[in-house]
Asker: 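Here's a structure for you.
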Amino acid sequence: MQHVRIVEKDTDGKTDKSEFRSEVWIKEGKIRQETKAEGYTYILFFYEGYFYTYYSNKDTVNRYADRKYFNESGAQMREKFLGTKVRADAKPVAEGVIEGMKCRVYEYGTVMIERMASGAEKKDSASAREWRRTADGVLVKLEKVNEKESVSAATKDVPAMKSRTTEKVTVKNENIETNIDIPDIMFKIPD
């Protein structure tokens, strides 16, 4: 499949946007993620309990124990690409077609408010919408919005200050093929 991750972050009116595109192959407990950058190819493997990174421009391979380099396990990486099972609190809200695939659309969200004794307040909220293939539940698209808002306590000399950060993450999995034969050579670490 082709995996696209777009992150847009707005902090008090200043916006940053990044886009990350890669090809992903998954077979049993093995994962290969290949990303082409300007002048080189970066390949991330997960194989037999270890992560491996390969940079074609350096022709080097590095090996990392599960969770030691990426703060995620191989299983979590697989879930990042394919999605976890539909959350228990997700509500089906619609059906539609994305990339020619019939999908069911789910929504879910959370809000947490923390009030300090000083009068300061922090609010974190997250909302998400997922499109999942009706046939097998594979994640086709995810739109997630995280908002963090804080208001400092006012004093007689300093008025309350408000800060807001909004992060929108869009994930799209395109050209998804399942139940195909992927040759084991695709997961071979370069010599």
Asker: Asp10 vs Arg164, test: salt bridge (Lys or Arg N to Asp or Glu O under 4.0 Å). Steps then yes/no.
Answerer: CA-CA 8 Å; Asp10 183 306; Arg164 182 184 188 120; over 6 Å; no

Asker: Same cluster or not: Leu142 versus Ile6, using hydrophobic residues (I, L, V, M, F, W, Y) connected whenever any side-chain heavy atoms lie under 4.5 Å apart?
Answerer: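 The answer is no; the residues belong to distinct hydrophobic clusters.
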
Asker: Identify the two heavy atoms, one from Trp25 and one from Phe187, that lie closest to each other, and give their separation to 0.1 Å.
Answerer: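 Taking every non-hydrogen atom into account, O-CE2, 3.6 Å.
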
Asker: Does Asp89 have any side-chain hydrogen bond (donor to acceptor under 3.5 Å, both in side chains) partners at least two apart in sequence or in another chain, and if so, which?
Answerer: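 Testing Asp89 for side-chain hydrogen bond (donor to acceptor under 3.5 Å, both in side chains), a comparison that skips the adjacent residues, returns Arg87.
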
Asker: So does Lys14 get a backbone contact from the side chain of Thr11, meaning a donor-acceptor N/O pair under 3.5 Å?
Answerer: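 Looks like no, no N/O pair under 3.5 Å.
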
Asker: Let me check something: do Val138 and Val97 share a hydrophobic cluster, defined by ILVMFWY side-chain heavy atoms less than 4.5 Å apart, either directly or through other members?
Answerer: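 Unlinked, Val138 and Val97 end up in two clusters.
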
Asker: Taking side chain to side chain contact (heavy atoms under 4.5 Å, CB included) as the test, write out the residues that go with Ser118, two or more places apart.
Answerer: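 By the side chain to side chain contact (heavy atoms under 4.5 Å, CB included) rule, Ser118 matches Met116, Ala120, Ala153.
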
Asker: Hey, could you give me each pair passing salt bridge (Lys or Arg N to Asp or Glu O under 4.0 Å) that has a residue in residues 167-181? Not counting sequence neighbours.
Answerer: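 Qualifying pairs, neighbours excluded: none.
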
Asker: Looking at every non-hydrogen atom in both residues, tell me the closest pair between Tyr106 and Ala90 and how far apart they are.
Answerer: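 Closest pair (atom of Tyr106, atom of Ala90, distance): CB-CB, 4.0 Å.
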
Asker: Remaining members of Val111's ILVMFWY cluster at a side-chain heavy-atom cut-off under 4.5 Å?
Answerer: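 Traced through the cluster, Val111 reaches Ile113.
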
Asker: To the nearest 0.5 Å, how far apart are CE in Met1 and CD1 in Ile176?
Answerer: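 Separation between the atoms: 6.0 Å.
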
Asker: Applying side-chain hydrogen bond (donor to acceptor under 3.5 Å, both in side chains), can you list everything that pairs with Arg63, at least two apart in sequence or on another chain?
Answerer: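 For Arg63 the side-chain hydrogen bond (donor to acceptor under 3.5 Å, both in side chains) partners, ignoring immediate neighbours, are Tyr50.
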
Asker: Just grab all the salt bridge (Lys or Arg N to Asp or Glu O under 4.0 Å) pairs involving residues 110-119, residues at least two apart or on different chains.
Answerer: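 As it turns out, the salt bridge (Lys or Arg N to Asp or Glu O under 4.0 Å) pairs with a partner in residues 110-119, which skip direct neighbours, are Arg115-Glu121.
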
Asker: Can you list every side-chain hydrogen bond (donor to acceptor under 3.5 Å, both in side chains) pair that touches residues 135-146, not counting sequence neighbours?
Answerer: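 The answer is Arg133-Asp136, Lys141-Glu143.
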
Asker: Grouping I, L, V, M, F, W and Y whenever their side-chain heavy atoms are under 4.5 Å apart, do Leu139 and Val7 come out in a common cluster?
Answerer: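 Yes; tracing contacts between hydrophobic side chains, which count when under 4.5 Å, links both residues.
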
Asker: Answer with yes or no after comparing the ring centroid distance for Phe46 and Phe51 against a 6.0 Å cut-off, counting only values under it.
Answerer: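 When the ring centroids of Phe46 and Phe51 are compared, they turn out to be within the sub-6.0 Å range.
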
Asker: Looking at OH of Tyr47 and CD of Glu28, how far apart are the two atoms once the value is rounded to the nearest 0.5 Å?
Answerer: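 Answer rounded to 0.5 Å: 10.5 Å.
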
Asker: What pairs with Lys36 under side chain to side chain contact (heavy atoms under 4.5 Å, CB included), at least two apart in sequence or on another chain?
Answerer: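 Expected list: Glu34, Thr41.
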
Asker: Between the side chains of Glu149 and Lys123, is the shortest nitrogen-to-carboxylate-oxygen separation below 4.0 Å, so that they form an ion pair?
Answerer: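 Not counted as a salt bridge, because no side-chain N and carboxylate O are separated by less than 4.0 Å.
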
Asker: Kindly indicate, with the supporting measurements, whether the criterion side chain to side chain contact (heavy atoms under 4.5 Å, CB included) is fulfilled by Arg21 and Thr35.
Answerer: CA-CA 7 Å; Arg21 293 181 167 271; Thr35 306; over 6 Å; no

Asker: Which pair of heavy atoms, one from Ala160 and one from Ser152, lies closest together, and at what distance?
Answerer: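 Closest heavy-atom pair between Ala160 and Ser152: CB-O, 3.2 Å.
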
Asker: Is it true that a side-chain atom of Asn175 and a backbone atom of Gln2 form a donor plus acceptor pair closer than 3.5 Å?
Answerer: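 Flag not set: sc Asn175 to bb Gln2 has no pair under 3.5 Å.
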
Asker: For Phe45, what residues pass the ring pair (Phe, Tyr, Trp, His ring centres under 6.0 Å) criterion, not counting sequence neighbours?
Answerer: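 None.
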
Asker: Within the 4.5 Å heavy-atom criterion, are Met161 and Val151 side-chain neighbours or not?
Answerer: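 A side-chain contact is absent here, since even the closest heavy-atom pair is not under 4.5 Å.
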
Asker: Does Lys27 NZ have over 12 foreign heavy atoms under 6.0 Å away?
Answerer: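 More than 12 within 6.0 Å, yes.
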
Asker: Only counting residues at least two apart or in another chain, list the ones meeting side-chain hydrogen bond (donor to acceptor under 3.5 Å, both in side chains) with Ser163.
Answerer: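 So Ser163 forms a side-chain hydrogen bond (donor to acceptor under 3.5 Å, both in side chains) with Asp12.
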
Asker: With sequence neighbours left out, write down each residue that passes side-chain hydrogen bond (donor to acceptor under 3.5 Å, both in side chains) with Glu8, or none if nothing qualifies.
Answerer: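 Counting only residues at least two positions away or on another chain, Glu8 forms no side-chain hydrogen bond (donor to acceptor under 3.5 Å, both in side chains).
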
Asker: Could you tell me which residues satisfy side chain to side chain contact (heavy atoms under 4.5 Å, CB included) with Val93, sequence neighbours excluded, listed by chain and number?
Answerer: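 For Val93 the side chain to side chain contact (heavy atoms under 4.5 Å, CB included) partners, ignoring immediate neighbours, are Val105, Glu107, Arg129.
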
Asker: Side-chain contact, heavy-atom cut-off 4.5 Å: Lys9 with Thr15?
Answerer: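 A side-chain contact is absent here, since even the closest heavy-atom pair is not under 4.5 Å.
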
Asker: Is the closest side-chain heavy-atom distance between Glu95 and Lys102 below 4.5 Å?
Answerer: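 Yes, their side chains come closer than 4.5 Å.
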
Asker: Let me confirm one number: the OH-CG distance from Tyr64 to Leu44, rounded to the nearest 0.5 Å.
Answerer: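 Reported to 0.5 Å precision, the distance equals 10.0 Å.
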
Asker: Any side-chain heavy atom of Arg132 sitting closer than 4.5 Å to one from Val140?
Answerer: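 With C-beta onward as the side chain, the pair stays apart.
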
Asker: Check whether any side-chain heavy atom of Thr166 lies under 4.5 Å from a side-chain heavy atom of Val145, and answer yes or no.
Answerer: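 Yes - at least one pair of side-chain heavy atoms lies under 4.5 Å apart.
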
Asker: Within a strict 4.5 Å, meaning less than it, do heavy atoms of the Arg5 and Val169 side chains meet?
Answerer: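 Arg5 vs Val169: side chains touch.
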
Asker: Side chains of Phe20 and Ser22: does their closest heavy-atom pair fall under 4.5 Å?
Answerer: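 The answer is yes, as the side chains (C-beta and beyond) meet within the 4.5 Å cut-off.
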
Asker: Nearest 0.5 Å, please: how far is OH in Tyr42 from CD in Gln33?
Answerer: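 Here the interatomic distance stands at 7.0 Å.
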
Asker: When rounded to the nearest 0.5 angstrom, what distance separates CD1 in Ile26 from CE in Met186?
Answerer: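 Here the rounded value is 12.0 Å.
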
Asker: Using the side chain to side chain donor-acceptor pair (under 3.5 Å) definition, which of the options Asp59, Thr60, Asn62 pairs with Tyr54?
Answerer: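 Of the listed residues Asp59, Thr60, Asn62, the side chain to side chain donor-acceptor pair (under 3.5 Å) partner of Tyr54 is Asp59.
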
Asker: Do Glu130 and Tyr108 have a side chain donor and acceptor closer than 3.5 Å?
Answerer: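 Yes.
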
